[in-house]
Amino acid sequence: LEFKLSRFETTVSKRYPEVKFLNYLRRKRVLITGGAGFVGSHLVDRLMFEGHEVNFELIHHDIVNPLFIEVDEIYHLASPASPPHYMQNPVKTIKTNTVGTINMLGLARRVNAKILIASTSEIYGDPDIHPQPETYWGHVNPIGPRACYDEGKRVAETLTYAYAKQENMQVRVARIFNTFGPRMHMNDGRVVSNFILQALKGEVITVYGSGEQTRSFQYVSDLVDGLIALMNSNYSQPVNLGNPVEHTINEFATIIKELVDDRSKISHLAEVEDDPQRRRPDITRAKTYLNWEPKVPLNVGLQKTVDYFKKELQRFNYSRAK
Ligand code: UDP
């Protein structure tokens, strides 16, 4: 096996000199649920570049069904995260985050793996404390249209700490705030991809409601740094991972317009039910315990994302002739 691996490494090293190879014995076997998704695919890249064993198997599996596999670490990211997506089949969203999380916690317990659960700023609901520290319990409508996701993730956290206590497991919980970057789906439906694509295609930029609601956007590479730092830390309480630079959606529409196409028009549509009005992470914990904070400025990350979507549109032959 070692001989085979070293031949494999030589071949890969020639093509990708930046890939590191850890000593065979130090290499971890990492399961990433949602590894083909937006955040997961960037995490897979990073762990592969660090020399871990994440690339050998792509498993097509619905985590609502049990999975049997030997691993050292689990990053459990599998879930829809865009409101229009998770609302499309709310029951499935709940199953994914409850039954799916139980399956992954059960797997982690059986093989004695460390497990990181991807939670969300949505567990704070429409917050009445601002910015949001991890000690805040949140303000969630349990029967509203977002509840399938918000409550799904809240129970995922509850399950995680119940397992940790009862089964003496090593757990990590990342509360991820709005994240963007290349490889977001064209039909993602969230604000960053919507606005960029609308501006690129010469369509009207659609602000929902007054546009005075706020969000704080982090670039995906910062999130990946944070997830890995959290997994490797000794800290088992929930940690916010997000960029604290906050903008109203109106400001954000103007930023995109100036970055992509000054001719873009902005229009206001009906407001979204239960739309959180203010959101911004308090990242004191991440700074203190992980020595982590975001590094990529909004404009730099947005430019990379615009470039990505331009290429995607060219593939689909959409782009407005310039
Ligand atoms: N939003 C918007 N226009 C869009 C998509 C979203 O004005 O085309 C608003 C939405 O109402 C919310 C904010 O942008 O206030 C962020 O929404 P998104 O769906 O990106 O993520 P959320 O943070 O709500 O999960």
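Read the numbers this way: they start at 1 and go in the same order the structure lists the ligands and their atoms.
With values rounded to the nearest 0.5 angstrom, Asn187 atom CG is found 6.5 Å from His85 atom NE2. Remark: Met184 CE to Phe309 CZ distance equals 6.0 Å, nearest 0.5 Å. Note that OH of Tyr124 is 10.5 Å distant from CD1 of Ile129, once rounded to the nearest 0.5 Å.
Using a 4.0 Å cut-off between a side-chain N of Lys or Arg and a carboxylate O of Asp or Glu, Lys92 and Asp62 qualify as a salt bridge.
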Considering only N or O atoms, set out every pair between ligand 1 and the protein closer than 3.5 Å, with distances to one decimal place.
residue	atom	partner	partner atom	Å
ligand 1	3 (N)	Thr206	O	2.7
ligand 1	7 (O)	Tyr208	N	2.7
ligand 1	8 (O)	Asn194	ND2	2.8
ligand 1	8 (O)	Thr206	O	3.4
ligand 1	8 (O)	Thr206	OG1	3.2
ligand 1	8 (O)	Tyr208	OH	3.3
ligand 1	11 (O)	Asp275	OD2	2.6
ligand 1	15 (O)	Gln213	NE2	3.0
ligand 1	15 (O)	Asp275	OD1	3.2
ligand 1	15 (O)	Asp275	OD2	2.7
ligand 1	20 (O)	Val191	N	2.7
ligand 1	23 (O)	Asn178	ND2	2.8
ligand 1	23 (O)	Arg215	NE	2.6
ligand 1	23 (O)	Arg279	NH1	2.8
ligand 1	24 (O)	Arg146	NH2	2.8
ligand 1	24 (O)	Arg215	NH2	3.0
ligand 1	25 (O)	Arg146	NH2	3.3

- request: Could you walk me through whether Val204 and Ile266 pass the side chain to side chain contact (heavy atoms under 4.5 Å, CB included) test, one step at a time?
  value: CA-CA 6 Å; Val204 172; Ile266 299 172; over 6 Å; no
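Donor-acceptor pairing under 3.5 Å is recorded for the side chains of Arg279 and Asn178.
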